[in-house]
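A short worksheet on the structure shown next.
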Amino acid sequence: MNPTAATQAPTIRRRDVIAAEITKIITHPATTLMLAITLIANMFLALIDASGVLFFTGDGVVPARLSSFGIVMLAPLYAFLVIPVWAAATEYHGAQLRMSLVATPRRAAFVLAKLAALLLVCVVAAAIAVVPARLLIGTAFGVPPAELVLNCAQWLGVYVLMSLIAFGLAGILRNTVAPLGILIALPIVVATGILQWPEGIQFLPDQASLSLVGTPAYDVTWLPPGVAALTLLGWGMVALTGSAIAVTRRDA
């Protein structure tokens, strides 16, 4: 027997690292709580919309269903984003990152494993949080199956892509408050009318999300669904790249 072989550390398999990261995410109390809040909020909004109640927004404006107000229907998303934010930011609480890097010394492998874990968790969690509400609305108004599947996919896309952006921001900023503050502030700032640049505003994450689900905030901020999805993916890639650089090059 080779004497050096007995002293070598056991090889850590990639799937084990991913499984460990998934466990860290799903066992955090914030994950269950925020998923429940998001599901309940989405179902509540879906029940109102499915009831056929119409809303008036001003004189001379045709009353519309609640689902016409995308910013309202997307509001539960911001509770859901706590999940990816906590998944990234909690690494910087109580020297958790150091412990993670002791178990997985190769930082690039750790970053990829954590991203894979987040994607798996967010896809499943988003399906739980969104699909029942979309099915309720679609069934109530007789939406054709193919259109209903597409609608569910668009909503899932928004939840997953926005989660990537939130995860990346949390990794860069190393805290839970700032990323959520930025993402929540964007639609508020746009709604105030301070930013009078529709050509640029339409590419902000919140506006692209509204376009992807078919309810742009304004006609001038509308994007085709494909362009909206690519816009969110681009923001996600930028945020994730920044987060990966922060993890691999900063001190733990």
Side-chain angles (χ1 to χ4, degrees), residues 31-58 61-84 119-166 180 183-184 186-188 190-191 202 204-233 236:
T31 300
T32 304
L33 177 62
M34 291 303 139
L35 177 57
I37 290 174
T38 308
L39 173 60
I40 292 169
N42 276 327
M43 289 301 294
F44 176 71
L45 294 173
L47 285 169
I48 295 176
D49 191 48
S51 70
V53 174
L54 298 179
F55 295 84
F56 293 84
T57 57
V61 178
V62 177
R65 289 167 40 203
L66 185 61
S67 58
S68 300
F69 304 95
I71 195 167
V72 176
M73 299 300 288
L74 267 179
L77 167 66
Y78 295 94
F80 186 87
L81 293 182
V82 172
I83 297 173
L119 275 172
L120 289 170
V121 171
C122 282
V123 168
V124 174
I128 295 171
V130 173
V131 171
R134 304 317 304 172
L135 291 177
L136 175 60
I137 294 172
T139 302
F141 293 99
V143 176
E147 185 178 337
L148 184 55
V149 170
L150 177 60
N151 181 261
C152 288
Q154 289 171 314
W155 278 82
L156 282 174
V158 166
Y159 270 65
V160 173
L161 291 172
M162 285 292 286
S163 292
L164 294 181
I165 296 171
L180 291 171
L183 293 172
I184 293 171
L186 282 176
I188 296 175
V190 171
Q202 63 185 343
L204 292 175
D206 64 300
Q207 299 302 307
S209 296
L210 290 169
S211 289
L212 183 52
V213 297
T215 54
Y218 310 98
D219 291 340
V220 292
T221 59
W222 176 83
L223 288 173
V227 176
L230 289 174
T231 298
L232 289 173
L233 181 60

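As the structure is a prediction and not an experimental result, all values here were calculated from the model. Position 1 is the first residue of the sequence; numbering continues from there.
A distance-only check finds no donor-acceptor pair linking the side chain of Thr139 to the backbone of Leu136 [under 3.5 Å]. Without hydrogens or angle criteria, Thr221 side chain to Gln202 main chain gives no donor-acceptor distance under 3.5 Å. A donor-acceptor contact shorter than 3.5 Å is absent between the side chain of Ser68 and the backbone of Ala64. Asn42 places no side-chain N or O within 3.5 Å of a backbone atom of Ala133 that could act as its donor or acceptor partner.
Between Val160 and Leu119, the closest heavy-atom pair is CG1-CD2, 4.0 Å. Across every non-hydrogen atom of Ala228 and Ala208, the tightest pair is CB-O, 3.3 Å. Nearest heavy atoms, Asp49 versus Phe141: O-CZ, 3.3 Å.
For Phe44, the CZ atom sits in a loose shell: 12 or fewer heavy atoms of surrounding residues, nucleotides or ligands are nearer than 6.0 Å.
Within the 4.5 Å cutoff, no side-chain heavy atoms of Phe69 are placed close to those of Leu45. Side-chain contact between Met43 and Ile40 is absent, with no heavy atoms from C-beta onward closer than 4.5 Å. In this structure, the side chains of Arg134 and Gln154 stay at 4.5 Å or more apart for every pair of heavy atoms. Residues Leu210 and Leu74 form a side-chain contact, since some pair of their non-hydrogen atoms from C-beta on lies under 4.5 Å apart. You'll find the side chain of Leu81 reaches within 4.5 Å of the side chain of Tyr78, heavy atoms only. With contacts defined as side-chain heavy-atom distances shorter than 4.5 Å, the pair Tyr159/Val123 does not qualify. Counting only heavy atoms from C-beta outward, the side chains of Thr215 and Ser67 never approach each other to under 4.5 Å. No side-chain heavy atom of Leu223 sits less than 4.5 Å from a side-chain heavy atom of Pro216.
Here the straight-line distance linking atom OG of Ser163 with atom CG of Leu232 works out to 11.0 Å at 0.5 Å rounding. Note that CZ of Phe80 is 9.0 Å distant from OG1 of Thr31, once rounded to the nearest 0.5 Å. For the atom pair CZ (Arg65) and CD1 (Ile137), the distance works out to 7.0 Å, reported to the nearest 0.5 Å. Atom CD1 of residue Ile71 and atom CG of residue Leu77 lie 11.5 Å apart, to the nearest 0.5 angstrom. With rounding to the nearest 0.5 Å, the separation of CG in Leu164 from SG in Cys122 is 7.0 Å. If you take CG on Leu212 and CG on Leu161, they are separated by 7.5 Å, rounding to the nearest 0.5 Å.
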